[in-house]
Amino acid sequence: QVHLVESGGGSVQTGGSLRLSCAGTESATWVAWFRQTPGKEREGIAAVYTPGDSTDYADSVKGRFTISQDNAKKTTYLQMNSLNPEDTAMYYCAAAGSVFWGRFVPKSYTYWGRGTQVTVSS
């Protein structure tokens, strides 16, 4: 059983940075970060294929966010830079053995954390 726990969310001003952590990802083949705001679908923003350390990003965060792993700490991170109010959301970590429906499709992922809130003020 995979148990994921996110941390690192908070409130920052536009242009600021945050680093989210997702503990418990050591046995996952795919790890991704999603975000969701009320009334909207959950959006996949960053994913890593752990065997090859291959990463992918949604256009909305490319160049600003970086997903990385620390296998010794059994943790996956999401470094978020140049934040803006449109990044305000609940951020979730997800893990899977395979991503049949696509790496940014929520139903591809079996395990989910409870989320951590990120709020960016102007």
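Everything numeric in this text was worked out from a predicted model, so none of it was measured. FYI, side chains are in, hydrogens and waters are out, and symmetry mates aren't considered; it's all heavy atoms of this structure.
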Which atom names give the shortest non-hydrogen contact between Ala46 and Leu78, and what distance separates them?
CB-CD1, 3.9 Å
Residue Lys74 excluded, over 12 heavy atoms near NZ under 6.0 Å:
no
If you take all heavy atoms of Thr37 and Ala89, which pair is closest and at what distance?
CG2-CB, 3.6 Å
side-chain hydrogen bond (donor to acceptor under 3.5 Å, both in side chains) against Tyr109, all qualifying residues, sequence neighbours excluded:
none
Are side-chain heavy atoms of Ser68 and Thr76 found at a separation under 4.5 Å?
no
What residues form a salt bridge (charged side-chain N to carboxylate O under 4.0 Å, His left out) with Lys107, not counting sequence neighbours?
none
To the nearest 0.5 Å, tell me how far Met90 CE sits from Arg42 CZ.
9.5 Å
So that I know where these two stand, are Phe65 and Trp33 an aromatic pair - ring centroids less than 6.0 Å apart?
no
In terms of hydrophobic clusters joined by side-chain contacts under 4.5 Å, are Ile45 and Val31 together?
yes
Kindly give the heavy-atom pair with the smallest separation between Ser21 and Thr75, and that separation in Å.
CB-CG2, 4.0 Å
Applied to residues 31-69, the disulfide bond (SG atoms under 2.5 Å apart) test, sequence neighbours excluded, yields none
With Arg35 as the cation and Tyr92 as the aromatic partner, state whether NZ or CZ is under 6.0 Å from the six-membered ring centre and within 45° of the axis.
no
Supply the atom-to-atom distance Asp70 CG to Thr25 OG1, rounded to the nearest 0.5 angstrom.
9.0 Å
Which distance, rounded to the nearest 0.5 Å, do you find between the NZ of Lys62 and the OG1 of Thr66?
12.5 Å
Audit row: Val118, Leu20, side chain to side chain contact (heavy atoms under 4.5 Å, CB included) steps and yes/no:
CA-CA 9 Å; Val118 171; Leu20 306 183; 4.1 Å; yes
Side chains of residues 47-58: which donor-acceptor partners sit under 3.5 Å, not counting sequence neighbours?
unit_1: Thr50; atom_1: OG1; unit_2: Ala28; atom_2: O; d: 2.8
unit_1: Thr50; atom_1: OG1; unit_2: Thr29; atom_2: O; d: 3.0
unit_1: Asp53; atom_1: OD1; unit_2: Gln69; atom_2: NE2; d: 3.0
unit_1: Tyr57; atom_1: OH; unit_2: Ile67; atom_2: N; d: 2.9

Stepwise side chain to side chain contact (heavy atoms under 4.5 Å, CB included) check, Glu86 with Ser60
CA-CA 10 Å; Glu86 289 68 41; Ser60 57; over 6 Å; no
For the backbone of Ser11 and the side chain of Thr119, can you confirm whether one donor and one acceptor N or O come within less than 3.5 Å of each other?
no
Side-chain donor/acceptor pairs under 3.5 Å, residues 12-19, sequence neighbours excluded:
unit_1: Thr14; atom_1: OG1; unit_2: Ser121; atom_2: O; d: 3.0
unit_1: Ser17; atom_1: OG; unit_2: Asn81; atom_2: OD1; d: 2.9

Without placing hydrogens or testing angles, list every side-chain donor-acceptor pair under 3.5 Å for residues 93-106, not counting sequence neighbours.
none

Nearest 0.5 angstrom please: Ser7 OG to Tyr77 OH, how far?
8.5 Å
Between Glu6 and Gly115 (side chain of the first, backbone of the second, donor and acceptor by atom type, cut-off under 3.5 Å), is there such a pair?
yes
